[in-house]
Amino acid sequence: MTVRVRMAPSPTGFLHIGGVRTFLFNWLYARQQGGRNLLRIENTDTSREVAEAFDQIKDSLSWLGIEWDEEPTFQLDRIGDCRRVAEQLVSDGRAYEDEGAIRFRMPDEGVTAWDDVVRGRVEVPNETIEDLVLVRSDGRPTYNFASPMEDVWDRITHVIRGDDHISNTPKQINIIRAVGGDLPVYAHVPNIFGADGKKLSKRHGAVGVDEFRDAGYLPEAMVNFLALLGWAPDGETTIMSRDELVRRFSLERVSSSPAQFDYAKLDWMNGVYLRALSTDAFADRLVIWLGEHGYEWDAELVRRAAPLVQEKIARLGEFPGFAGFLFEDVDVSVDGDAEVVRAARDALADLEPFTAESIEAALRGVVDRLGLKPRQGFQPIRVAVTGSTVSPGLFESIELLGRETTLSRLASAAR
RNA sequence: GCCCCCAUCGACUAGCGGUCCAGGUCGCGGCCCUUUCAAGGCCGUAGCGCGGGUUCGAAUCCCGCUGGGGGCACCA
């Protein structure tokens with residue numbers, strides 16, 4: 001039996017990072033087992049929002065490399081099938097009409113139980129399960145009817161979803177049994193919390209996949225980080241390639257307690273991935289990111305600047321703030337430190353060649369002559385040239401900036 | 001209110017009765033390197049929620065408490 005799992009977002013908006021983590025687990029499991037991962041949209045109407053959300057969902061998943069293996073399906077398309085099944089259940093005496101709706105007759109005695117891959121055995125007394133509405137009086141099936149039916153029709157073998165569905169599971173199991181379907185294996189993974197221990201939401205920071213993308217996180221870093229939220233292959237390994245994740249993932253090792261989303265650790269991990277890139281690959285990512293975010297900066301200069309910042313930023317989105325002085329004017333003055341800035345200008349005015357190496361020698365000479373410590377001497381120059389006390393390497397920056405711009409900035413800052 | 005679930009450093013976790021006076025990673029602190037910021041190196045900080053059992057022995061098993069979470073819809 002080949003493994004078949006599914007990702008079932010509702011098209012209500014952007015893809016939430018917590019939900020994506022669950023989808024990632026589905027994908028990892030499917031890939032590892034040589035199975036298939038389906039995308040099913042749990043919609044109940046055809047509004048334009050649905051179409052837009054659907055596109056957004058696909059974009060986000062694609063960006064992360066979470067693939068789906070068959071044509072996406074829509075719950076809406078199977079409303080008719082659901083209704084037919086409901087009517088059949090009525091004639092079988094398993095369901096009944098109730099004020100225009102169709103209700104499923106839940107068993108009154110005993111327990112409904114399953115062996116949850118992450119929770120262990122879960123048992124629910126049937127007396128606590130109310131008769132469930134299958135089809136509303138307006139003819140639309142409810143989620144708790146449509147979802148298990150689709151699992152049956154799609155021959156889903158493993159339902160990997162958020163643990164907020166645990167209480168739905170006994171209902172769905174009873175429905176599947178009533179229609180004679182095969183029960184899937186259930187794996188309920190815990191939700192992700194924000195730093196305050198509450199369900200991750202907007203006020204904790206970024207939660208939509210798009211927001212992380214816009215901030216300049218790498219998809220491979222996101223995947224690595226997400227995989228480690230509630231799962232670990234052992235106690236040591238933290239950086240893992242996509243292939244290694246696929247190879248080592250196991251549902252049994254998914255933790256049953258919820259994890260907090262740690263933005264600081266994500267930043268660290270993204271930095272690790274950024275630094276691991278070759279300088280060319282890093283430059284490619286920078287150019288693409290800048291292009292996608294409205295920066296019309298000279299790509300060649302971006303590429304030359306890339307090596308200067310690769311070790312210094314944790315997110316691509318930090319590049320403009322960090323190296324923007326190479327592309328845009330700066331306007332600062334260095335009141336108390338005009339002397340060293342003027343001297344620097346003089347030293348660089350006719351310097352040949354105008355390279356980082358010679359620039360360094362020249363500026364060190366200036367600083368020495370004035371009897372300044374490197375730190376004292378270089379900082380005003382840095383501010384004059386880059387407009388900031390924090391920047392990439394001074395000498396390399398000056399080389400990239402070029403003599404003309406450098407001289408004019410030094411002059412105007414010392415004025 | 002009623003059900004159900006969860007509980008190891010600030011965070012993510014390893015641990016599945018002795019090899020743990022609890023290990024790794026992030027964070028945090030210190031030192032080194034250093035033109036800033038990073039990166040890197042070294043050192044350090046900090047935890048088994050509480051109380052009872054079981055056992056020769058418990059972070060590991062059981063019970064209670066506390067704390068947190070989720071569910072109880074003609075929402076998904």
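Note that the structure is predicted; figures quoted are calculated from it, not measured. A, B, ... follow the sequence lines: proteins, then strands. Residue 1 opens every chain.
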Asks: In residues 79-110 of chain A, what residues come within less than 4.0 Å of RNA chain B, judged by heavy atoms?
Replies: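 By residue number: A/Asp98, A/Glu99, A/Ala101, A/Arg103.
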
Asks: State which residues pass salt bridge (Lys or Arg N to Asp or Glu O under 4.0 Å) with A/Glu399; sequence neighbours excluded, sorted by chain then number.
Replies: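 Partners of A/Glu399 under the salt bridge (Lys or Arg N to Asp or Glu O under 4.0 Å) test: none.
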
Asks: Does the protein touch nucleotides 5-11 of chain B at the base, only the backbone, or not at all? Give it as B, S and - per nucleotide, heavy atoms under 4.0 Å.
Replies: SSS---S

Asks: Report all side-chain donor-acceptor pairs from residues 268-276 of chain A shorter than 3.5 Å, counting only partners two or more places apart or in another chain.
Replies:
unit_1	atom_1	unit_2	atom_2	d
A/Asn270	OD1	A/Leu218	N	2.7
A/Asn270	ND2	A/Gly216	O	3.3
A/Asn270	ND2	A/Ala314	O	2.6
A/Tyr273	OH	A/Asn224	OD1	2.5
A/Tyr273	OH	A/Met240	O	3.0
A/Arg275	NE	A/Gly271	O	3.4

Asks: For every nucleotide of nucleotides 31-49 of chain B, 5' to 3': is a protein heavy atom under 4.0 Å from its base (B), only from its sugar-phosphate (S), or from neither (-)?
Replies: ----BBBBSS---------

Asks: Could you pull out every donor-acceptor pair under 3.5 Å between side chains of residues 358-365 of chain A and any protein atom, sequence neighbours left out?
Replies:
unit_1	atom_1	unit_2	atom_2	d
A/Ser358	OG	A/Pro353	O	2.4
A/Ser358	OG	A/Thr355	N	3.1
A/Ser358	OG	A/Thr355	O	3.0
A/Ser358	OG	A/Thr355	OG1	3.2
A/Glu360	OE2	A/Arg364	NE	2.8
A/Glu360	OE2	A/Arg364	NH2	2.8

Asks: Would you please name every residue forming a ring-ring contact (aromatic ring centres under 6.0 Å, His included) with A/His204, sequence neighbours left out?
Replies: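 Counting only residues at least two positions away or on another chain, A/His204 forms no ring-ring contact (aromatic ring centres under 6.0 Å, His included).
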
Asks: Return the set of residues passing side chain to side chain donor-acceptor pair (under 3.5 Å) with A/Asp98 (not counting sequence neighbours), or none when no residue passes.
Replies: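 A/Arg103.
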
Asks: Using atom CG of A/Leu134 as one end and atom C1' of B/A73 as the other, report the distance to the nearest whole Å.
Replies: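 These atoms are roughly 14 Å apart.
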
Asks: Which salt bridge (Lys or Arg N to Asp or Glu O under 4.0 Å) pairs, counting each pair once, include a residue from residues 225-236 of chain A, with sequence neighbours left out?
Replies: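 Counting only pairs at least two positions apart or across chains, the salt bridge (Lys or Arg N to Asp or Glu O under 4.0 Å) contacts touching residues 225-236 of chain A are A/Asp234-A/Arg248.
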
Asks: Which atom pairs, one a donor and one an acceptor, fall under 3.5 Å between side chains of residues 325-347 of chain A and the rest of the protein, sequence neighbours left out?
Replies:
unit_1	atom_1	unit_2	atom_2	d
A/Ser333	OG	A/Asp335	OD1	3.2
A/Arg342	NH1	A/Ala414	O	3.1

Asks: Would you say the side chain of A/Asn168 and the base of B/A76 hold a donor-acceptor pair, judged only by whether the two atoms sit under 3.5 Å apart?
Replies: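 Per atom types, the contact qualifies.
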
Asks: Give the residues of residues 222-230 of chain A touching RNA chain B, defined as any heavy atom closer than 4.0 Å, sorted by residue number.
Replies: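 Result for residues 222-230 of chain A: A/Leu228, A/Leu229, A/Gly230, sorted by number.
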
Asks: Looking at A/Leu38, A/Ile160, A/Leu61, which one forms a side-chain contact (heavy atoms from CB on, under 4.5 Å) with A/Met7?
Replies: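 Among A/Leu38, A/Ile160, A/Leu61, the one that satisfies the side-chain contact (heavy atoms from CB on, under 4.5 Å) with A/Met7 is A/Leu61.
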
Asks: Nearest-Å distance, OH (A/Tyr263) to P (B/U25)?
Replies: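 Rounded to whole Å, this separation is 25 Å.
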
Asks: Going by purine N1 to pyrimidine N3 plus the second Watson-Crick contact, or the G-U wobble pair, all under 3.5 Å, which nucleotide sits opposite B/G1?
Replies: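 Per the H-bond distance test, B/C72.
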
Asks: Only pairs at least two apart or in different chains count here, so list each salt bridge (Lys or Arg N to Asp or Glu O under 4.0 Å) that has a residue in residues 375-391 of chain A.
Replies: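 Applying salt bridge (Lys or Arg N to Asp or Glu O under 4.0 Å) to every pair that reaches into residues 375-391 of chain A, excluding sequence neighbours, yields nothing.
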
Asks: So A/Asn144, base contact, sugar-phosphate only, or nothing? Heavy-atom distance under 4.0 Å.
Replies: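 Base contact.
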
